Amino acid sequence: MIEDEPDIQNVAKLALELVGGFEVSIFSSGKEALEAVVEVSPDLILLDVMMPEMDGPETLKALRGLPRARAIPVVFMTAKVHPDEVAEYKALGAVDVIPKPFDPMTLADQVREIWGRL
Amino acid sequence: MANEHGSSSLERRFQEIGQGFADGLHDKGVRLGQLWREIESGNHEYLPELHRMVHALAGSAATFGHDEIGEAAHGCEISLEPLLKGKALPQKADITCLGAKLAELHQAMSRITGHLYNPDSPDMTAKHDGRRTPSGKQDAAPVLVHMLEGDEAYASELRQQLEPFGYRLETFSGPRELCAANASRMPDVVILDRDQADPGGQGGKLLKKLVDRCAIEVPAIVISSQMDFQSRLEAVRAGGQAFLGKPVEIDTMVETLDNLVRVPSEEPVRVLIIDDSASQAEYYASVLQKTGMSTRVMDQPDRAFETIEDFMPDIILMDMYMPECNGLELASVIRQQPAYLSIPIVFLSSETDVDLQLEAMGRGGDDFLVKPIRADHLVSSIENRVERSRLLRNLMVRDSLTGLYNHTTIKEYLDREIHRAERNGTPLSFVMLDIDHFKKVNDRHGHGNGDHVIKSLARMLVKRLRRADLVGRYGGEEFAVILPDTNIDHAVRVMESLREMFSKLVFQSDAGRFSVSFSAGVSGYPDFSAPNQVMEMADQALYRAKKEGRNRVCRIP
């Protein structure tokens, strides 16, 4: 997961690990994530859209530029979830969008559902 | 695997993280206040940072259970959109709208942080030199007053005396210095000592020149030791809006300042929209929000009472025909409650039948708007109704001398707020205050000055407490304050700070200068759960405060 806000990081990690049973690695910026992504080799990336310095779409573009990270499915997390906007995000290369603010109790289910559809 | 931890311990851990979020809110609030002041002064380069902050809040607050903050932040985001797009200079109306939305956000945030709008906690008060730089006041920024005054001692005292009322006074000894200061940062009001501006007494010409040169856009108060007709006339000709005689009574000065300075963030109009069609309701909501109104949409009539009690709408916009119950029936049900007899209800309908329209009015509606409704028509209908309704309501619920809520209303509000505290699981504090030795003040200084003291305390309480706090005049020299979302520890700290501040005010009468103090008793929910219990306990605490020597704050428990 790539997310700059510490409180959200903590809640999401808790929700995904304890409720979903997922293994979670968190990075505070696109830059940090890019440095570690190949080594961590995640199955799925949750990517916050609005971050300082390098935002979601820019990070996604950079990820697509890395040969060993290109194929990892990316899900955006953002408040903008108009159908048009979702289509735009998908056109950029994301497989889906999870709306913010998210409900910590159902976040794991949302992720599981997206994973199932891949 | 997934559920090895019971869901209650999981929730507890979420709550802990949520507490971390809540703890961070105060600083965010301070920063938001600073950003708003910059933007309001025209420094629009701070807009992107503001946008990032409110966007982050909109996207995270509800995750921690703070839906109200999230929604308010989202409202700010929406009002920021026209300001961020395009190269055109931001429009004043858009800035005003943003200000209104930010005020709502601050209010929502302060319900959680429970802070005074002036974060002047006792530890920060220290030396009361009066020249404190406002550190991001969350609601209304202190009013900036520039004054031409050569008497440094007088100026310093005035500065100290005005501060508890939210006025920041800066003084300048000469016209040139004043003009330079105004050029650098235009104040909200200017006070001109005529004896200073026009020492030679050139018929007020110099005074007029001064006003023309650097104070033409702001209200000006002229003060003078000469109160004759000629002096007054000159003040008017010079462009002064008010004329006060020296030495100026603090209460008079504050009242004059209050009248001249328009408070930018008047309580936004709250509109409750009841319509089963979500898209219609959202459309009306967005039209009204653009003008700075606060809206809530409801599509289930059965939650009407809860929503009304919680949201306290100024007006209800109601669709006539809804599947579960029609508008007329719902209006009748709402009007059954005596407390809701006075809320204006406006029906919306495509009904053009005049007879049915009249029936609607008869059943408790105040107006009837026929769909499709023009946006400007909707807005003006609501604005007019609410203005009248607020004036009427104020006559009923407020004390005429102080403008505070009257005895009956405060009791009603305490009832309502305790119910809300029960529903939301939040604490509430209730304070009873009584001015010490008030009879002596009246006897020694006259009832007129006694009234001044009462008005000053009332003003100070209102200015220094949050907008969510309810201040009432309970009796002659007795006041009551309801502090929602505040635990007793915090309430005591707040009242201590106010007690100190009030005891330092200096009043003037023919018999001489004098100061006054108050005693206070604090109690609250959930320590006590019934409204009359809470009141009784606060009263007993007040009694103890008097017994133990007065000029203090006591609490039960």
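Numbered from 1 within each chain, the chains take letters A, B, ... in sequence-line order. From a predicted model like this one, the values you see are computed outputs, not experimental measurements.
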K.L.:
Given the options Asp103(A), Leu14(A), Asn10(A), Leu107(A), which has more heavy-atom pairs under 4.5 Å with chain B than any of the others?
P.N.:
Leu14(A)
K.L.:
Can you confirm whether Arg117(A) is buried at CZ, in the sense that more than 12 heavy atoms of other residues, nucleotides or ligands lie under 6.0 Å from that atom?
P.N.:
yes
K.L.:
Determine the option with the most heavy-atom pairs under 4.5 angstrom with chain B, choosing from Ala12(A), Pro52(A), Ala15(A).
P.N.:
Ala15(A)
K.L.:
Does some side-chain heavy atom of Pro104(A) sit less than 4.5 Å from a side-chain heavy atom of Thr63(B)?
P.N.:
yes
K.L.:
Per the side-chain hydrogen bond (donor to acceptor under 3.5 Å, both in side chains) rule, what does the pair list look like for residues 31-52 of chain A, sequence neighbours excluded?
P.N.:
Asp48(A)-Lys100(A)
K.L.:
Taking atom CZ as the centre, does Arg68(A) end up with more than 12 heavy-atom neighbours from other residues, nucleotides or ligands that are less than 6.0 angstrom away?
P.N.:
no
K.L.:
Between Ala58(B) and chain A, which part of the residue has a heavy atom less than 4.5 Å away: side chain, backbone, both or neither?
P.N.:
backbone
K.L.:
Taking all atoms of both residues into account, what is the closest heavy-atom pair of Phe64(B) and Val11(A), and its distance?
P.N.:
CE2-CG2, 3.1 Å
K.L.:
In sequence, state the C-alpha distance, the side-chain angles, and the governing distance for Met51(A) and Arg52(B), and then conclude on side chain to side chain contact (heavy atoms under 4.5 Å, CB included).
P.N.:
CA-CA 9 Å; Met51(A) 291 186 289; Arg52(B) 274 198 302 278; over 6 Å; no
K.L.:
Other residues, nucleotides and ligands only: do more than 12 of their heavy atoms fall within 6.0 Å of CZ on Arg31(B)?
P.N.:
yes
K.L.:
Under 4.5 Å from any heavy atom of chain B, what part of Ala108(A) do you find: side chain, backbone, both or neither?
P.N.:
neither
K.L.:
Quick check: are there more than 12 heavy atoms from other residues, nucleotides or ligands sitting under 6.0 Å from CD of Glu45(B)?
P.N.:
yes
K.L.:
So, using ring-ring contact (aromatic ring centres under 6.0 Å, His included) as the criterion, who are the partners of Phe76(A) when residues are at least two apart?
P.N.:
Tyr89(A)
K.L.:
If you count heavy-atom pairs under 4.5 Å with chain A, which of Ser60(B), Ala56(B), Ala61(B), Gly70(B) comes out on top?
P.N.:
Ser60(B)
